[in-house]
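Below you'll find the structure, written out as structure tokens, and then a few comments.
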Amino acid sequence: MNLQNKNILLIISGGIAAYKSLDMIRELKRSGAHVQTILTKAGAEFITPLSVSALSGDKCYIDLWDLTDETEMGHITLARKPDLIVIAPATANIMAKMAHGIADDLASTCLLATDKPIMIAPAMNPHMWNNPATQDNIQTLQKRGLSIIDPDHGEMACGETGQGRMAEFSKILNHIDQFFNNDKLLRGYKALVTAGPTYEPIDPVRFIGNRSSGKQGYAIAQSLSDAGADVTLISGPTHLPPPQGMNVVSIEMAKDMMQAVEQSIPTDIAVCAAAVADYGVQKHASKQKKKNGDLDIQLSDNPDILHTIATHKTRPQIVVGFAAETDNVIANARTKLQSKHCDLIIANAVGGDINPVFGSDNTSVTFITDNDEVSHDNISKSDVAQLLVSHIIRAMNVKAEDKVA
Ligand code: C5P
């Protein structure tokens, strides 16, 4: 990670996770960043300003009414100087203040006064995280373009279990690295993502479908778009809100997905995350089938979209597939890598009670290429998406200097 000459303002608010921020300061400094810090009053109950300033090598700011700071530095200067503001840990309180424009201490005043990008790593009790007030505030902040690093699942300091633990600092550093080093590297590139299930109608009421939620494909489309790519997301029916800033095409049947894909190529990047039904109903009934009526449903092969793209005369530079397997996960995925002619297969085991994958926010995956295999256990789907984007950038050998202006 190279953060030479980057100015980062780290705001540490009141949570037990504040101690992790000390390691983070050390790592940011090691990467060459200049780190300034604000510790809220509640944050100072968990760690001391002395340890923060000893690690950052700079004063740790606490009080809005410290007149020396106002003449020497001022909260406006503090808000304007950084290239990035990171709030870690971010309490429900500081996010609520930001969402509503409250400025009653140095941290919240800086956040209101700044025009710089803000990254938030929330940490709180799972009930506080799931409270509609917190979720509404997060949505408001996301709509304003702030980036949220979702908290992890696990046991909390308070003894409860759920989502709310601040993301591991390595993950936060990864986000910071992406922000500075991967940011918009895919500008000028076209990307195509398939996501969600397909529905193959039997009659006007029934269909053959599957359990895919679309979460993984949507997260990938978002990460590609965040990296600057011009994304077309071709999605089967899901309950997810359509992501902003990209072209979203909604389909139901595999053959419609194939058609939409064909209309979107040529493209530079193709990621097939959809769970496409292998078979469609040959001739679906125009009227609802009755209980004692015709039970005979003729199936026919659906097009293999991934294979079609990967062997197309205008093949994208990189083609990525998924392999959701119930057994012999790696071996089956490796066979698929070859038979489908793709560059990378992301394999995951499905069907277990412990890790249902479908619909869940977390998964365990293995990235499989011709000569490599890298596993990531119990990782969020948005982190899989980020890792995939980093992989794509490396595989396509995209460099900052090649960036299309
Ligand atoms: O053959 P299987 O369904 O196991 O392969 C999974 C991979 O192939 C996924 O990437 C999926 O999106 C893609 N696929 C496809 N079209 C199909 C079937 C699978 O694009 N008809």
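As the structure lists them, so they are numbered: ligands from 1, and atoms in each ligand from 1.
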Among protein heavy atoms, which sits nearest to [atom], and what does the distance come to when rounded to 0.1 Å?
atom	value
atom 3 (O) of ligand 1	D278 OD1, 3.9 Å
atom 4 (O) of ligand 1	K336 NZ, 2.4 Å
atom 16 (N) of ligand 1	I305 N, 3.0 Å
atom 5 (O) of ligand 1	K340 NZ, 3.1 Å
atom 7 (C) of ligand 1	F322 O, 3.0 Å
atom 13 (C) of ligand 1	L306 CB, 3.7 Å
atom 18 (C) of ligand 1	V276 CB, 3.8 Å

Exercise for the section: Considering only NZ, NE, NH1 and NH2 on the basic side and carboxylate oxygens on the acidic side, decide whether D343 and R315 come within less than 4.0 Å. Expected result: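 Yes, D343 and R315 are salt-bridged.
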Problem - Short N-O contact, D23 and K20, less than 4.0 angstrom - result: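 No salt bridge links D23 with K20.
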Contact atoms of ligand 1, heavy-atom distance to [X] under 4.0 Å:
X	value
G321	10 (O)
A274	11 (C), 12 (O)
P303	16 (N), 17 (C), 21 (N)

Completion exercise
The single option from L3, I85, I25 that satisfies side-chain contact (heavy atoms from CB on, under 4.5 Å) with I8 is L3
Handout entry: Candidate list D63, L10, I12, L78, test side-chain contact (heavy atoms from CB on, under 4.5 Å), partner I38, passing option
Key =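 Of all the options given, the one that passes is L78.
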Exercise for the section: Please determine, by modelled atom types, if S250 and S235 share a side-chain donor-acceptor pair under 3.5 angstrom. Expected result: no
Practice task
For ligand 1, note which part of H307 has a heavy atom under 4.0 Å away: side chain, backbone, both or neither.
Solution key: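 Neither part.
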Practice task
Could you tell me whether N302 approaches ligand 1 through its side chain, its backbone, both or neither, with non-hydrogen atoms closer than 4.0 Å?
Solution key: neither
When rounded to the nearest 0.5 angstrom, what is the spacing between [atom1] in [X] and [atom2] in [Y]?
X	Y	atom1	atom2	result
T363	K215	OG1	NZ	11.5 Å
L9	L111	CG	CG	8.0 Å
M98	R144	CE	CZ	8.0 Å

Handout entry: Under 3.5 Å donor-acceptor, N137 side chain and M95 backbone
Key = no
Practice task
Would you check the N or O atoms of A323, main chain and side chain alike, for any that come under 3.5 Å of an N or O of ligand 1?
Solution key: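 No; the residue has no nitrogen or oxygen that sits under 3.5 Å from a nitrogen or oxygen of the ligand.
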